[in-house]
Amino acid sequence: MRGPDSTIYIGLKEKTSQRLTCVLLICIAVVTVGLRCVRLSERPMHHDEANQAVRCLDMLEGTPYHYDASDHHGPTLYAIALPLLRVCKSLSSATEQDTAKGMVLSPPPTESSFRLLPVLFSGLLIMSLTALTGTLPPFALASAALLAAVSPMCTYYSRYFIQETLLVYFLAITAFKLWNTLRFRTLPHAIGAGLALGLAMATKETWTLWAAAFLPALLAFRWIGIPNGRLQESPSPQTDFSTTSTVPSWLRRQRPLLLLMLTVGGTALLCLIVIFTNGLSTWKGLLDFFRAFHLYAEKAVSDNPHRHSILFYWNRLLWFKAAPGPRWSEAIIYLFAIAGLATCLPHVRRPHGLSLPFTRLLAVHAVTHALLYSLLSYKTPWCALGFHYEFILLAGIGANMLFSLFPKRLWKGFMLFILFGGLWQLTQLNRLTNTRFCADPRNPWAYVHTLRDILNLQKRIQNLALNATPSILVCTSAENAWPMPWYLRCFPKTIYTESCPNPPTSLPDFIITAPETEENVAAWADSLYDAEFFGLRPNCLLMLRYKKETPQTTP
């Protein structure tokens, strides 16, 4: 028999366990951030990163931000990055300087300064799991945090200066705050969910797919276990769903919850208005925000270079080998996630402390979210980060379920061996993904990535330049111009054009051409310039021309 204070003792024990879990998650997040900060500048800038970075540099110098409804996504990446960049710029110094010519190849802020922002948000993403203490068992949360920390995909794109990591973080906070709003029915959770949702909407337009993935969950609310909007661990067998006479009383009972949901929506809308109107100073940005949905919907279904098959994401996540070299696979996460999905089924033994409604809601949303992204013809690998993180949560739940399935120590030891073996395999792939193969096309996450040869092009121009400000003509298509504006930012006399059939009035010191513009430049430049080739991306070469009288130096 339990003593009179046994309930209090159990409550105190659970609170202590939750506090220790929070401390463990924070420690994992801090270590993860520290490891992901190592050698941040080693990988060349992807053209999407360079595009965002150059826009940030313009804003850093005073250019006002204008939302582009057709590209570049929302303003949160820039708005959050600017204060961090100012700090980094004040603390850093030039990393490479030619004292004779006075040229700086990597003036601050450098690649590390930009990539530090998504790294910090990846740590916050792991730390956000503390919101689920009391909903998921400590073992499940710790397993999910460790899998997220060593996942090659999560690590690779957390070191990318793009919107994806910020978007996943804001959506995760939205989901967790919404869940806690259902649990506790408190105004702070509702306001927090609204703010996070507003920031997600101002980050990237694909938040709509995350929101759409909730529709099947609403249709399956009885199975999930939240009948009539009331949080329960399972539907009450006494509830009669066929009667309609209780609808008015249901509305009366759920009035506080409906008000909280209206608070979430109102807060998100207010946040969105303030951000896109630049503090209510101009309404054009808000109109462009709504116009962007039509433009991105057209892009998602149109013919373009990023049109891929339905299995595009899964080939990269489960088994990828494009050429001689390592095989990439994060299948261990999805094997544990299958076990996590199994916990949603009736009559399945579940570990203590697991919320069945939350697990079912997560399962329906993750599967729907992945299906929506797979069905869209427009695909880029980083888009999978959102549903991949949800499957990592399911994997943590599955690892916990398998660990507690049988009481025998031999079974628990075997499951720990499988879990830590999977973590070790992911860690080894993580190291290869972010070091040796960070810009290699054999890496499934290095998607049409800039080759390391772009750094040689930058240094070659510096070595051949006769003065500190050489003139450079870049004649390429708009697509193949990137990421050169980032790498040539130390040369102020750089002109970009898509066509140059005739020699300019003043011949530049250097000419850079891509295959699509080479023919019309060669007609007048071959007799005046020598040439060398450099790789831009896989199957795309750049030609660097320099005047024949230029003295040769060692490359």
Heavy-atom closest contact (Ser143 atom, Leu419 atom, distance):
OG-CD2, 3.8 Å
side-chain hydrogen bond (donor to acceptor under 3.5 Å, both in side chains) partners for Arg86, two or more places apart
none
Got a donor-acceptor contact below 3.5 angstrom from the Lys379 side chain to the Leu376 backbone?
yes
Check side-chain contact (heavy atoms from CB on, under 4.5 Å) between Ala531 and all other residues, then give those that pass, not counting sequence neighbours.
Met543, Arg545
Residues which pass side-chain hydrogen bond (donor to acceptor under 3.5 Å, both in side chains) with Thr380, listed by chain and number, not counting sequence neighbours
Trp382
Output all residues satisfying side-chain hydrogen bond (donor to acceptor under 3.5 Å, both in side chains) with Asp48, sequence neighbours left out; order by chain, then residue number.
none
So, using side-chain contact (heavy atoms from CB on, under 4.5 Å) as the criterion, who are the partners of Ser374 when residues are at least two apart?
Ile310, Tyr313, Trp314
Which pairs count as side-chain hydrogen bond (donor to acceptor under 3.5 Å, both in side chains) when at least one residue sits in residues 438-457, sequence neighbours excluded?
Arg43-His449, Tyr160-His449, His306-Tyr447, His308-Tyr447, Asp440-Arg442, Asp453-Asn456
Does anything in residues 48-72 form a ring pair (Phe, Tyr, Trp, His ring centres under 6.0 Å)? List the pairs, not counting sequence neighbours.
Tyr65-Tyr78, Tyr67-Phe276
Residues two or more places apart in sequence or in another chain: which of them pass side-chain hydrogen bond (donor to acceptor under 3.5 Å, both in side chains) with Glu479?
none
Ring centres under 6.0 Å, that's the criterion: do Trp486 and Phe114 meet it?
yes
By side-chain contact (heavy atoms from CB on, under 4.5 Å), which residues pair with Thr208, not counting sequence neighbours?
Phe293
Are a donor atom and an acceptor atom from the side chains of Gln163 and Thr203 found within less than 3.5 Å of each other?
no
Can I get a per-line list of side-chain donor-acceptor pairs under 3.5 Å for residues 31-41, giving both atom names and the distance, sequence neighbours left out?
| residue | atom | partner | partner atom | Å |
| --- | --- | --- | --- | --- |
| Thr32 | OG1 | Ile28 | O | 2.7 |
| Arg36 | NH1 | Ser122 | OG | 3.1 |
| Arg36 | NH1 | Ser158 | OG | 3.4 |
| Arg36 | NH2 | Ala148 | O | 2.9 |
| Arg36 | NH2 | Ala149 | O | 3.1 |
| Arg36 | NH2 | Thr155 | OG1 | 3.2 |
| Arg39 | NE | Glu42 | OE1 | 2.6 |
| Arg39 | NH2 | Glu42 | OE1 | 2.9 |
| Arg39 | NH2 | Glu42 | OE2 | 3.3 |
| Ser41 | OG | Ser112 | N | 3.2 |
| Ser41 | OG | Ser112 | OG | 2.5 |

According to side-chain contact (heavy atoms from CB on, under 4.5 Å), who are the partners of Leu124, at least two apart in sequence or on a separate chain?
Phe121, Tyr169
Just grab all the side-chain hydrogen bond (donor to acceptor under 3.5 Å, both in side chains) pairs involving residues 319-328, residues at least two apart or on different chains.
Trp328-Thr433
Scan side-chain atoms only and decide if Thr476 and Glu516 contain a donor-acceptor pair under the 3.5 Å cut-off.
no
Counting N and O atoms only, with roles assigned by atom type, does the side chain of Ser377 sit under 3.5 Å from a partner on the main chain of Arg307, one being a donor and the other an acceptor?
no
